[in-house]
Structure formats: structure tokens, C-alpha cells
Amino acid sequence: AVTFSSLINGLCFEDKFARAMEFFDEMVASGYQPNLHTYNTIIKGFCKIGKTNVAVGLLKKMDRAGGRPDVVIYNTIIDGLCKDRLVNEALDIFYEIKGKGVRPDVFTYSILMHGLCNSDQKEEASALFNEMMSLNIMPDVVTFNILVDKLCKEGMLSEAQGIIKIMIEKGVEPNYATYNSLMNGYCLQNKVFEARMVFDAMITKGSKPNVVSYNILINGYCKAQRIDEARELFDEMRFQGLIPNIFNYNTLISGLCQAGRHCEAKELFKD
RNA sequence: UGCAUUGCCCUCUAGU
């Protein structure tokens, strides 16, 4: 059963969801009883290809058949709905499960807070944050990162710094995503220097910058018309053994183009 | 007994 589930998961990961489904149907037809892990993998697959409604249908079917969906399954569905910008439907499910004895966990709250932030409902997200605290469901680094990121995107950098201070006081260490959000926030305010300080600080604190960290800074330099520094960072990233991804190429190539340096852009494109 | 499933950060384009 484990290998079966892993296989399906692997197929979904490789965007071979249709194959995964085929496989799932065959197994069920030959009398195999899928467990919660397997169901969740399938449900997530449906959400990923934009068929959240099918996922919800599967959930209801499980429910009716007495399949007892667990909090992980509900979290997957709630996240799928949020990513489809159907936060209200996600909240409906949240209230529904609270009423029937499935305890929301730190994932549930983080997912919903993320959805609320993405639909410009920061106040509601804070309310959920307070609610989870009052229920003794402790926010973790991801929960805090969601708040930090939202504040950074709104340009409220000192508030974001405040949250980081609070998280540290609570014994939750910021990770690379926290620093990346902060760097991005500074770049959005055209404060590349401050972003660079964060970048350097994260190295000192032992969080290795990843390709995303580099990309944020590269983008910051490009937007500030400092293309040469952007190029240097790109090279340094490779020197550090990081493999540039599609984002890195896009960022630098469009930066070069906007600066009128089309030849260099073409060179890079060839890689 | 162990092992598998859910949440956070970056680019461009298009749409609105």
C-alpha cells in the first residue's frame, strides 16, 4: 500500500496525473481499498490541475461512504479552494469540520491565513492568528512567514520586522523564506541596499541563500538599472553551486532587454 | 517497528 501510494504521488509530481488516475482506478477495480494517504494524493492531484470541484466531490463521496476524511484531507481541500480564490468556501469547510470533531491544526490555520492574505483580508487573517493562539495551536515558522510576507508586500517593513522579533521571542527561528520575503519587501520599496543587508545577514546567521534569494536580489538590481551587479550575482550563484532556474533566466534576460543589452540577453538565452 | 499524504518566499507574459 505504501509503495502504491508513493507511486501515485510520484506520478502526480511529474504532472502525470492522468496516468495516476488510471492506475488508481485499476487498483480500486481489482479490489484494493485506498487509504487516507492515497486519497489525499489523488485529491491534491485534482486540485493541482484545477479540478477542485472534483476533489470536493471525492471528499463528499468519502464522507458518505464512512471513509472518515482526516484533517490532512480537509487541509488539502481548503488549500485547493483558497488557491482558486474561493476563500469563503474554504471557510465554510473550516466551520463545518470544527462542528464535527475534526480538529483544525497549525496547517489549517496557516492555509486559511494565506488564503485570506491573498484576497486582501489581512484583518481576518490576524483574527485567525489570535484564534489559534487562544486554542493553544502554536504558530510555526510558516505561519509567521505568511504574515511577514503579507506585510512586506504592503510595504509595512517595520511591522514585518516586528513580527520577526515576536517569532524569535517565541522560540521560532526565521528561515530562508522569512529573509526572502523581507528582501523582496525592501526591493519593492526600491531599497536594494537594505535588501542586500538582509542577504548578508542571512549568510551570517547560517541560512543559506537559495535560488529564490538570489533571484529577488537580481531582480532588485535589474529594476534599479544596476545590471552589472545583477550579472555578478548570477555568476556568484552558479559559483556557489546553485543551478539557475527558469525564474533566474527570465529575470536576468528581461532585465538585460529592458536595459537595451539585447546581445547579452541572447547569449544567456543560449544556455 | 520503520517508511508514504497537507501550508510560506522570486521572474516574465496574458487576462481582469
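Here is how names work: the chains are called A, B, and so on, in the same order as the sequence lines, proteins then strands, and each is numbered from 1. Scope of the values below: all heavy atoms of this structure, side chains included, with no hydrogens, waters or symmetry mates.
With rounding to whole Å, A:I78 atom CD1 is found 13 Å from B:G7 atom P. Summarising the geometry, the separation between CZ on A:F129 and C1' on B:C8 is reported as 14 Å, rounded to the nearest angstrom. Atom CG in A:N118 sits about 9 Å away from atom P in B:C8, given to the nearest Å. Between the CG atom of A:N175 and the C1' atom of B:G7 there is a distance of 13 Å, given to the nearest Å. Rounded to whole Å, atom P of B:A4 lies 19 Å from atom CZ of A:F23. We find that CG of A:N180 is positioned 14 Å from P of B:C8, with the value rounded to whole Å. Atom CG of A:L242 is separated from atom P of B:C9 by 19 Å (rounded to the nearest Å).
For A:H37, the listed nucleotide lying nearest its side chain is B:U5; candidates were B:C8, B:U6, B:U5.
Ion pair A:D79/A:K48 not flagged as a salt bridge, since none of the NZ, NE, NH1 or NH2 atoms sits closer than 4.0 Å to an Asp/Glu carboxylate oxygen. Between A:D120 and A:K150 there is a salt bridge, since a side-chain N of the basic residue sits under 4.0 Å from a carboxylate O of the acidic one.
Counting only Watson-Crick and G-U wobble pairs whose two key distances fall under 3.5 Å, RNA chain B forms no stem of three or more pairs.
Legend: residues meeting side chain to side chain contact (heavy atoms under 4.5 Å, CB included) with A:N248, ordered by chain and number and at least two apart, are A:V211, A:N215, A:F234, A:M237, A:P244, A:N245. Looking at residues two or more places apart in sequence or on another chain, you find no ring-ring contact (aromatic ring centres under 6.0 Å, His included) involving A:Y186. Listed by chain and number, the residues in a ring-ring contact (aromatic ring centres under 6.0 Å, His included) with A:Y109 are A:F94 (sequence neighbours excluded). Scored by the ring-ring contact (aromatic ring centres under 6.0 Å, His included) test, A:Y179 finds no partners at all (sequence neighbours excluded).
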Exercise. Could you run through nucleotides 10-16 of chain B and give me one letter per nucleotide, 5' to 3': B if any protein heavy atom sits under 4.0 Å from the base, S if only the sugar-phosphate is that close, - if neither?
Key: BBS----
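The side chain of A:K44 contributes no N or O atom lying less than 4.0 Å from OP1 or OP2 of B:U5.
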